[in-house]
There are 2 protein chains.
Amino acid sequence: MVRSEPVNPGAAPKIPRPVTLRESVFEAILELIISGGLGPGQHLAENELAEMLGVSRQPVREALQMLSGEGWVDLRPGHGAFVHAPTVEEADQLLAVRTLLETESARLAALDPTAGGTARLREICARGRAAIEADDIDAAVAANSELHALITELSGNKVLAELASQVARRVRWYHTPVARHRGHASWEEHALLIDAIEAGDQERAEQIMRDHTEHTRQSYMEQRAQSPDEPAPAPQRRRRPRSLSAS
Amino acid sequence: MVRSEPVNPGAAPKIPRPVTLRESVFEAILELIISGGLGPGQHLAENELAEMLGVSRQPVREALQMLSGEGWVDLRPGHGAFVHAPTVEEADQLLAVRTLLETESARLAALDPTAGGTARLREICARGRAAIEADDIDAAVAANSELHALITELSGNKVLAELASQVARRVRWYHTPVARHRGHASWEEHALLIDAIEAGDQERAEQIMRDHTEHTRQSYMEQRAQSPDEPAPAPQRRRRPRSLSAS
DNA sequence: TCGCTGTATACTGTAGGCAGTCGACGACAA
DNA sequence: TTGTCGTCGACTGCCTACAGTATACAGCGA
């Protein structure tokens, strides 16, 4: 009667596992986009997705709307959903916004270092370094995301944290390959940042975060400049694109 | 054959009029929320909305999902949609984020004042003053929104503009009554801000915008402190709330 | 050969309906 | 009187089906 949910086993109230189909579908499609299984500009036919995932079109539609809300797909009325194809300009702007949001987060986090998050920050930082040493890019990227997410949380501003997390997810999609580029330097900066937060030095925390995210941004833009065609610059195809099965 | 769309009559490519039902429903519900027809915490039964608007439940569902994505309603799986009830803390945080986003927008707008938006800014500013003189609060609030939206546009960062516009819409919902409070002073500040942008003085533009939005925020918080019960501090009601017809 | 028009196909947008589940209410027992 | 259990009502989540429309292609005429 009373829902089979075990009322949170342990102490992990975060990450509310999807209970509705639309949420599962949302995550499935998002995973496909991030992993590259669905390329930018690709048409997402509801029928195919529904069939592939073994559900009806309804939850697929709703998942697509959610994805559209977060900027992952573009919804053209009467035409359907297309994987969002970020232009170089947009990626740059997104990274700039990330800099803005996370810089403020770092400042706010330093405002009240007694919140006790620095220990967790250091733990994540250690994991990140270890991942780099082990040449485990995926783990390093994950740790990076986790670190930045925790800092936004420690800012104490939930609205800010929510916005930053959305932006960060998209950024992560864009610049995953960058992590390969400047792994060690990045984690050195993280360590300094944590020091500043722990010391309650707002200005320093702000400055380090700004420099850090700007480094990442420049690194991305340089890499992108070297291989300008790789991330598919918005094909804008007129003819009906090949759909899922063709990929 | 070739869609009846008249290919943009005139020169108003903005404001894409809703072509799908879900968009119309989205705007209808949003209007109800902003206007106060639907109070915070109120349960939105899909059936009633569908009947009221003369459509089926499907477009209503999709509109509710869109509203959820922008933070207007809370979607509790298995329970339905509820008008979001912002806490004092959340409103404060939202206003802080707005300060952050718009301050940066102002700085970027001042970075390239040749974009030629200042004339339009002055025009809107004049309208706002006139509205205040005429004691037309609604028009003043509308002009205020328009002005801030244009500044974010002039920043040249579309991602930033998009985020700021979402935040601004919610802020507008929260603090409409504030406009009554400090009308004249607000438009004086706007004029100074436009001067700074036109002069290309980033720091000044940034500072004025920061002060301006912080004033608004403090004004809101003070007003809220005086009447703490009026905006319904998240009822969190256990019993089934009265639905639409009872309002 | 080129452009236009009519038809066919595939997909979206919407409607209606069914099953599952949550919350409320009343009855019964301690 | 209080706590527990069973039943009822209502609503959500999902599925299926239909109508409308844009696109692609073939046939026709110039």
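First the proteins, then the strands, lettered A, B, ... as listed; each starts at 1. Note that these values count all heavy atoms, side chains included, but never hydrogens, waters or copies made by symmetry. Please read these numbers as outputs of a predicted model, since none were measured by experiment.
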Requested in this report: Look at the side-chain N and O atoms of H79(B) and state whether any lies under 4.0 Å from the OP1 or OP2 oxygen of dC11(D).
Outcome: no
Report summary line: Contact check, residues 57-72 of chain B vs DNA chain C, heavy-atom distance under 4.0 Å, returns R57(B), Q58(B), P59(B)
Query raised in the report: Atom CZ of R76(A) to atom P of dT21(D): distance rounded to whole Å?
Result: 18 Å
Query - Short side-chain N/O contact to dT12(C) OP1/OP2 from H43(A), under 4.0 Å - result: yes
Report task. Rounded off to whole Å, could you give me the CD-to-C1' distance for the Q42(A) and dC11(C) pair? Result -> 16 Å
Query raised in the report: For A50(B), what residues pass the side-chain contact (heavy atoms from CB on, under 4.5 Å) criterion, not counting sequence neighbours?
Result: R57(B), V60(B)
Query raised in the report: In whole angstroms, how far is the P atom of dA10(D) from the CG atom of L49(B)?
Result: 18 Å
Report summary line: Side-chain atoms of R22(B) come closest, of dT14(C), dG13(D), dT12(C), to dT14(C)
Report task. To the nearest Å, give me how far apart CD (E46(A)) and P (dA17(D)) are. Result -> 17 Å
Query raised in the report: Which of parallel (below 30°), tilted (30 to 60°) and perpendicular (above 60°) describes W173(A) and W72(A)?
Result: tilted
Requested in this report: Figure out the CD/C1' separation between E48(A) and dC11(C), and round it to whole Å.
Outcome: 10 Å
Query raised in the report: Does the side chain of Q65(B) pick up a donor-acceptor pair with the side chain of Q65(A) at under 3.5 Å?
Result: no
Report summary line: Sorted by chain and number, sequence neighbours left out, side chain to side chain donor-acceptor pair (under 3.5 Å) with D112(B) holds for T114(B)
Query raised in the report: Nearest-Å distance, CG (N47(B)) to C1' (dA10(D))?
Result: 9 Å
**Report entry** Results of side-chain contact (heavy atoms from CB on, under 4.5 Å) for S155(B) - residues two or more places apart only
**Finding:** S105(B), L108(B), N157(B), L160(B)
Requested in this report: For E31(A), check side-chain contact (heavy atoms from CB on, under 4.5 Å) against everything at least two apart and list the hits.
Outcome: S35(A)
Query raised in the report: In whole Å, what is the span from the CG atom of L53(B) to the C1' atom of dT14(C)?
Result: 15 Å
Query raised in the report: Got a sec, which residues hit side-chain contact (heavy atoms from CB on, under 4.5 Å) with E123(B), two or more places apart in sequence or on another chain?
Result: R127(B)
Report task. Could you state the atom-to-atom distance from CZ of F82(B) to C1' of dG23(C) in whole Å? Result -> 11 Å
